[in-house]
Amino acid sequence: MGFSLAPTAIVAGYRIEAHESVGSTNALALERAAAGDPGRLWIVSKKQESGRGRRGRAWATPEGNLAATLLLAEAFDLKLAATLGFVAGLALADALDAVVPDMRFAVAVDGGAGGGAGGRGPHGDRFELKWPNDVLASGAKLAGILLESTLLPGNRAALAVGIGVNVVAYPEGVPYPATSLKALGFAGDAETLFLALSDAWAQNMAVWRDGAGLSEVRRRWLSRAAGLGSEVAVRVDGNIVRGIFETIDEDCRFVIRSGGDKIVIAAGDVHFGAVASAGAA
C-alpha cells in the first residue's frame, strides 16, 4: 500500500506529499514553506539520501525505513514550538504501540552503550523516550526526531518536525546501541507505521492545544522517560555533567540532581548506564 493519512488527520486539516526517495524531508518541507505552503503538510518517504540529525550529524534512511516531516507554518512562539519535539516523541511512541501491540522482543543491536539507556527501562520491553529526541526499544535507538525552523513574512515561522524510524534496517558501527522494527520481529512496513503516526500526532496535538496542555504532555512524556531516576552523564558544550536524572521541568528542560544541587540543562547529549559512569566518551 502507499502512504496515506488517518481519517483523524484528514479531519484536522493535514495533507500529505509522498516520495519514493528524497534528499531530506526536512529540507524539502522548509522549501515548501518558503514557496508559500500554508503548513499542516506531511512529507514522507521510504528512502532519504541526505538526512541529518541533531548538530548536523548524518541520519541514514535506507530503502524501507520511514522518513517523515511535518511542516507547520504558524505565528509561533519558537520557545514554545520547541516543545513539539516532545509531542512528536509521544505521537511516535503511541503509533509504535498501535502497530506493535503486546509484543515482547529481544533487542538486536549494534554499537556500544553510548546512546541507549543501558538495558531495559522501567517499562520493560516497550518503547521509551530519551531526552530530548530519541525513541528507544529496550535501550537501543529506534528513531530520532529533529526540529528545524525558519522565519516567514508576516511574523510567522515555519517549523519542520522531522521523524526518522528504523523500520527495516539500523545503522551499524555506531557508538550507541541501535535497532530496527524488523530486528524486533515486526513484519509491517513504513506505510503502516506512518498511518498510525498521522493519527497519533493529531491526537497528541489536541492534548498540546497550542501549548495550553504542555503540562499534560510533560506528564505523559515522563511516564515513558528512559533512565528516569538513574545515573546520567550529559555532554554540554564539551563538558560532562553527572548526576541523577530527576525530571524535565515545565519548559521540558533536562533536570539532574548532583550532590544536592539541581542542574537544569537546555541542550546536551545524554548518556546512561556504564557510559555515564565511565565518562560519556
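Values reported hereafter were calculated over all heavy atoms of this structure, with side chains retained and with hydrogens, waters and symmetry mates removed. Everything quoted here is computed from the prediction, not taken from an experiment.
- Classification of R218 and D251 as a salt-bridged pair fails, no side-chain N sitting under 4.0 Å from a carboxylate O.
- Summarising the geometry, atom CD belonging to E250 is positioned 9.5 Å from atom OG1 belonging to T247; distances are rounded to the nearest 0.5 Å.
- Applying the side-chain hydrogen bond (donor to acceptor under 3.5 Å, both in side chains) criterion to D210, with sequence neighbours excluded, gives no partner residue.
- Contact of the F194 side chain with the K46 side chain is not registered, since no non-hydrogen atoms from C-beta on lie closer than 4.5 Å.
- Looking at heavy atoms from C-beta onward, L66 lies out of side-chain contact with S45 at the 4.5 angstrom threshold.
- From L147, atom CG reaches atom CG of L84 across 6.5 Å, with rounding to the nearest 0.5 Å.
- Applying the side-chain contact (heavy atoms from CB on, under 4.5 Å) criterion to E216, with sequence neighbours excluded, gives V207, R219, R220.
- Checking L159, L72, L30 one by one against S149, the side chain to side chain contact (heavy atoms under 4.5 Å, CB included) holds for a single residue, L159.
- Listed by first then second residue, pairs satisfying side chain to side chain donor-acceptor pair (under 3.5 Å) with a partner in residues 71-86 read T83-W208, not counting sequence neighbours.
- Note: the hydrophobic cluster containing I16 also contains V99 (ILVMFWY, side chain heavy atoms under 4.5 Å, direct or indirect links).
- I244 and V241 sit in two unconnected hydrophobic clusters of ILVMFWY residues. Membership requires side-chain heavy atoms under 4.5 Å apart, directly or through other members.
- For Q203, the side-chain hydrogen bond (donor to acceptor under 3.5 Å, both in side chains) partners are D199, not counting sequence neighbours.
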### Message
Does W131 form a ring pair (Phe, Tyr, Trp, His ring centres under 6.0 Å) with F245? I'd like the steps, not just the answer.
### Response
CA-CA 10 Å; W131 188 92; F245 175 21; 8.3 Å; no
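- Note: L92 CG to N133 CG = 11.5 Å, rounded to the nearest 0.5 Å.
- Note on V236 and V264: separate hydrophobic clusters, where clusters join Ile, Leu, Val, Met, Phe, Trp and Tyr whose side-chain heavy atoms are under 4.5 Å apart, directly or indirectly.
- Contact of the S21 side chain with the E49 side chain is registered, since non-hydrogen atoms from C-beta on lie closer than 4.5 Å.
- With sequence neighbours excluded, the residues that form a side-chain contact (heavy atoms from CB on, under 4.5 Å) with A88 are I145, V161, I163, W201.
- Note on residues 144-168: no pairs pass ring-ring contact (aromatic ring centres under 6.0 Å, His included), not counting sequence neighbours.
- Listed by first and then second residue, the side chain to side chain donor-acceptor pair (under 3.5 Å) pairs that reach into residues 153-164 come to none, sequence neighbours excluded.
- Residue pairs that meet the side chain to side chain donor-acceptor pair (under 3.5 Å) test with at least one member in residues 252-265, sequence neighbours left out, are E246-R257, D249-R253.
- With values rounded to the nearest 0.5 angstrom, R15 atom CZ is found 10.0 Å from L5 atom CG.
- Rounding to the nearest 0.5 angstrom, the gap separating the OG1 atom in T179 from the CG atom in L136 is 10.5 Å.
- We find the OG-CG distance between S230 and L228 to be 7.5 Å, quoted to the nearest 0.5 Å.
- Of the possible polar contacts, none joining the R126 side chain to the R224 backbone as a donor-acceptor pair under 3.5 Å is found.
- At a threshold of 4.5 Å between non-hydrogen side-chain atoms, the residues N65 and P62 count as touching.
- The side-chain hydrogen bond (donor to acceptor under 3.5 Å, both in side chains) search around T25 returns Q48, T69, not counting sequence neighbours.
- Applying the side-chain contact (heavy atoms from CB on, under 4.5 Å) rule to A95 yields the partners L193, A196, L197, A200; only residues at least two apart in sequence or on another chain are considered.
- Looking at D269 and K130, no side-chain N of the basic residue comes within less than 4.0 Å of a carboxylate O on the acidic one, giving no salt bridge.
- Side-chain contact between V234 and F254 is present, with heavy atoms from C-beta onward closer than 4.5 Å.
- Side-chain contact check for L151 versus F76: every heavy-atom pair is 4.5 Å or farther apart.
- For the ring-ring contact (aromatic ring centres under 6.0 Å, His included) condition, the pairs that include at least one residue of residues 220-241, sequence neighbours left out, are F86-W221.
- For the pair V232 and I256, the minimum side-chain heavy-atom distance is below 4.5 Å.
- Alongside V22, the hydrophobic cluster contains L28, L41, I43, L71 (criterion: ILVMFWY side chains under 4.5 Å).
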